Amino acid sequence: MHIILVMVSIFINILLLNNNRYSIANDSVNLHEMELNFRSKEELNNVQIDDKVIGCTNAPHTIINYSSMSCPHCAEFMTKDFNLLKEKFIDTCKVRFVYREIPNNSAALMTASIAHCFYIRHNNINTYFDIIKIFFRTQRSWAMRYDPESVKEIMLLNGYNKEDIDYCLGNKTYINYIIEHGYEYQKVMDIRFTPLSVIDGNVMSQNISYDDINAIISKTAVKGAK
């Protein structure tokens, strides 16, 4: 099963019903203090300037993946199917892959903000994807509770700099970014479960695997050859 109404009830209801505030540790975010200029669905079905993207810019196919760091099926896709997808389609310039985060609890928000922070500080998209895959691989050890020390230990064990970790951990600037964008994605795209994939502008109705993606892209290639 997908993470369906659980994600919506935890993330969106906290934002909307609790005076539009989302709390994490001793910090809090107020949506009314943000300038929430939502993009259209048509815009979000295409690559945006602030997206986390890997793959050739001229790739004929685009896959947009909406995910949550604490979602088990998201972890399964990103630790298994994604590796095959990258080898066969992304690295061969057939697919451009976009990852977008919709956190469904405080732990997911924390890890997503850390990955985003490292990406901004080092301007390296490979660093971003390396970090989210580390968190997905270790998901069972941190995803069910807000525990910065456990997350910090995971980062240290994987060779990341303590100064960077301390800076990124709980930094309000990056937390705000993840909340604002996650809220935009959920509202505009009407996302009710994760993971959700959009392939070439078409929203997939169920969690898709590498085999599903392979079939879709292969079918498109056959049609284009006729």
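Since we're looking at a predicted model, the values are computed, not measured. Heads up: numbering here begins at 1 and tracks the sequence.
- Applying the side chain to side chain donor-acceptor pair (under 3.5 Å) rule to Arg100 yields the partners Asp51, Tyr66; only residues at least two apart in sequence or on another chain are considered.
- Side-chain atoms of Gln48 come within 3.5 Å of backbone N or O of Glu43 as a donor-acceptor pair.
- Side chains of Thr173 and Asn176: no donor on one and acceptor on the other come within 3.5 Å.
- Side chain of His122 to main chain of Phe118: no donor-acceptor pair is present (N/O by atom type, distance under 3.5 Å, no hydrogens or angles).
- Under a 3.5 Å cut-off, the side chain of Asn105 and the backbone N or O of Ala143 do form a donor-acceptor pair.
- Below 30°, between 30° and 60°, or above 60°: for His116 and Tyr119 the angle between ring planes is between 30° and 60°, a tilted geometry.
- Without hydrogens or angle criteria, Asp166 side chain to Glu163 main chain gives no donor-acceptor distance under 3.5 Å.
- Between Phe129 and Phe82, the angle of the ring planes stays under 30°, which puts this pair in the parallel group of the 30/60° scheme.
- The 12-atom threshold is not exceeded at CD of Glu87, counting heavy atoms of other residues, nucleotides or ligands nearer than 6.0 Å.
- Using modelled atom types, one side-chain atom of Glu184 and one backbone atom of Arg39 make a donor-acceptor pair closer than 3.5 Å.
- At a threshold of 4.5 Å between non-hydrogen side-chain atoms, the residues Tyr174 and Ile114 do not count as touching.
- Not one N or O on the side chain of Thr127 forms a donor-acceptor pair closer than 3.5 Å with the backbone of Asn123.
- At distances below 3.5 Å, at least one donor-acceptor pair connects side-chain atoms of Glu101 with backbone N or O atoms of Met69.
- Of the possible donor and acceptor atoms, one in the side chain of Trp142 sits under 3.5 Å from a partner among the backbone N and O of Phe135.
- Crowding of Asp190 atom CG: a count of heavy atoms from other residues, nucleotides or ligands under 6.0 Å exceeding 12.
- Taking the six-membered ring for Trp and the full ring otherwise, Phe136 and Phe77 have centroids separated by 6.0 Å or more.
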